[in-house]
There are 2 protein chains.
Amino acid sequence: MVRTARFSEDDFIDATMALVAEGGPAAATMQAIARQVGAPTGSIYHRFESRSAVLGAAWNAAYGSFVKALAPLLREGRPREAALAILPWSRENERRARFLLLNEPIALFEDTPPPAPLREELERLENEFDGAFRACVAGCGDGTVRDEELARAKFLIFDAPIAILRPHLVKGGPLPLFAERMIAELHVGMPIAATRDGSMRTVGAA
Amino acid sequence: MVRTARFSEDDFIDATMALVAEGGPAAATMQAIARQVGAPTGSIYHRFESRSAVLGAAWNAAYGSFVKALAPLLREGRPREAALAILPWSRENERRARFLLLNEPIALFEDTPPPAPLREELERLENEFDGAFRACVAGCGDGTVRDEELARAKFLIFDAPIAILRPHLVKGGPLPLFAERMIAELHVGMPIAATRDGSMRTVGAA
DNA sequence: AGCATTCTAAAATGCGTATTCTAATTGACA
DNA sequence: TGTCAATTAGAATACGCATTTTAGAATGCT
């Protein structure tokens, strides 16, 4: 190293997350990112090869943190705890939560996909998350994983909790207690995995 | 009128929905819309004052159709039927469903909001939908509508069913039977409205 | 100190897009 | 059949943005 850098990779990543969380993907122009950091536009290109590289790095960082919080609980066969873990994670990572949970990756990357290394890292993360879901479903049921069971698990543990939180993430303020109650209730009333005789069993009743 | 129009307002609206349903909001450039219809770019501006007017008109059309399908069932106090009605609506309006249910309005309009008349029409539709939810919740409970109850109803009848359908809408093919089963089960296991004594009652058990 | 290297800095470029402009065409009506 | 306003038609414009370029500044190493 020959000159101390004033702006780190993470500076740009954080600025990008903040801008997208605030005003959607289109708000994160290169100029806006630079302005937020207090750097000239061109400096970003010393850290990232393109805009989609910045967005991709930000996405991987947020998604990686999220998966790290949930996957272990899934592999331990505790889907209810995994679903509820989204709440503290969102509270402790407010910016990341708004960035990750209120945006579709397809909307972020629709123009130009991130460079290969970032795509590969994302794929690893997705496989890790998917594997955790499969392990969880296999543990709850009779060992085999059917499409329906996987869809049920992903809905109960991921999509439904996010749908419950979304209005509050959009609005801003704190996540209300009844949102937590709603997530917990989902796991009492709805079956996740088939038992050997073809009936369904709920998780909460285990 | 002195010359028969070759391209109608609806032609452009349909083309816009198709493009967004296929490739996201960014795919619906004015040139792409024109190409899809077979018209020159400039012709769009004889029907719509701007791109956001086209997107706004398309959104209102899809949302209006959706609200028309669900609101009456809500006002009749049949939340379960309303939730399940999303399925046939999506099957009969595949393009509209992908356009409406896979896109956030915030992503469509983040750059420039649609002109005032369209915004007002959208607000009317939203109020109509919200009013239907409130009527439904008031009918199920003791007449008053608390925030939590409204949130529960909107989740059970709108957000959760859409979260269940989303993966299949994205993938394309037909909506599987088990998706319908999952929506129905939600309404058996989860309470929607508080009764006078503070306990919750489910809709399916009514 | 002098050099090589990595960074900041800011202006310049180029491209894709929405929007506007100008001209040509159409067809109901007098 | 001639008129004329609405429409088609397609090129021209303007602008915002990602990206590149060029110049200058800072730091560790010799």
Side-chain angles (χ1 to χ4, degrees), chain A residues 1-20 22-59 107-116 118-119, chain B residues 1-20 22-59 107-116 118-119:
Chain A
M1 182 108 65
V2 285
R3 175 180 175 170
T4 58
R6 281 185 58 193
F7 313 111
S8 71
E9 216 166 288
D10 279 346
D11 289 338
F12 294 115
I13 288 179
D14 289 345
T16 302
M17 281 191 199
L19 287 165
V20 175
E22 196 60 34
T29 67
M30 295 301 261
Q31 340 233 355
I33 295 169
R35 195 177 330 123
Q36 175 101 359
V37 172
T41 314
S43 292
I44 305 176
Y45 289 88
H46 285 274
R47 311 275 166 204
F48 301 94
E49 69 180 57
S50 66
R51 177 173 182 268
S52 53
V54 185
L55 288 169
W59 185 264
L108 284 175
F109 306 137
E110 68 190 334
D111 36 357
T112 41
L118 289 170
R119 284 207 312 274
Chain B
M1 180 108 67
V2 284
R3 173 179 176 169
T4 58
R6 283 185 56 195
F7 314 111
S8 72
E9 217 166 284
D10 280 345
D11 288 339
F12 294 114
I13 288 180
D14 289 346
T16 302
M17 281 192 199
L19 287 165
V20 175
E22 195 60 34
T29 66
M30 293 303 260
Q31 340 232 357
I33 295 169
R35 196 178 326 122
Q36 175 100 359
V37 172
T41 314
S43 291
I44 305 177
Y45 288 88
H46 285 272
R47 312 271 168 208
F48 301 94
E49 70 179 56
S50 66
R51 176 173 182 269
S52 53
V54 185
L55 288 169
W59 184 264
L108 284 175
F109 306 136
E110 70 191 332
D111 37 357
T112 42
L118 289 170
R119 284 207 312 276

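Note on naming: letters A, B, ... go to the chains in the order of the sequence lines (proteins, then strands), and numbering restarts at 1 for each one.
- dA18(C) atom P lies 14 Å from atom CG of L108(B), rounded to whole Å.
- Residue F7(B) has its side chain nearest to dT8(D) when only dC17(D), dT8(C), dT8(D) are considered.
- The 5' end of DNA chain D is approached more closely, in terms of each residue's nearest nucleotide, by S43(B) than by the other of M30(A) and S43(B).
- With R51(B) contributing its side chain and T112(B) its backbone, the two residues share no donor-acceptor pair below 3.5 Å.
- When the P atom of dA18(C) is taken as reference, atom CD1 of I33(B) falls 8 Å away, rounded to whole Å.
- One atom, CD of Q31(A), and another, C1' of dC15(D), lie 12 Å apart when rounded to the nearest Å.
- Taking only side-chain atoms of R51(B), from C-beta outward, the nucleotide of dC17(D), dG27(C), dA18(C) with the closest atom is dA18(C).
- Between I44(A) and V37(A), the closest side-chain pair of non-hydrogen atoms is not below 4.5 Å.
- The CZ-P distance, from F12(A) to dC7(C), rounds to 11 Å in whole Å.
- In this structure, R6(A) does not reach the dT6(C) phosphate: none of its side-chain N or O atoms is under 4.0 Å from OP1 or OP2.
- What separates CZ of R35(A) from P of dA10(C) is a distance of 14 Å, to the nearest Å.
- Nearest-nucleotide mapping onto DNA chain D: of H46(A) and A32(A), the residue sitting toward the 5' end is A32(A).
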Take M30(A) and Y45(A) through the test side chain to side chain contact (heavy atoms under 4.5 Å, CB included) and record every step on the way to the result. CA-CA 10 Å; M30(A) 295 301 261; Y45(A) 289 88; 3.3 Å; yes

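- Across the protein-nucleic acid pair, I44(B) atom CD1 and dT20(C) atom C1' stand 14 Å apart, rounded to whole Å.
- Here the side chain of R47(A) pairs no donor or acceptor atom with the backbone of D11(A) at under 3.5 angstrom.
- Considering only side-chain atoms of T41(A), the nucleotide from dT19(D), dT7(D), dG27(C) that sits closest is dT19(D).
- Nearer to the 5' terminus of DNA chain C, by closest-nucleotide assignment, is the contact made by G38(A) (compared with the other of A28(B) and G38(A)).
- The T29(B) side chain lies nearest to dT17(C) when the options are dC17(D), dT17(C), dT7(D).
- Put simply, OH on Y45(A) is 21 Å from P on dA23(D), counting in whole angstrom units.
- Considering only heavy atoms from C-beta on, W59(A) stays 4.5 Å or farther from V20(A) through its side chain.
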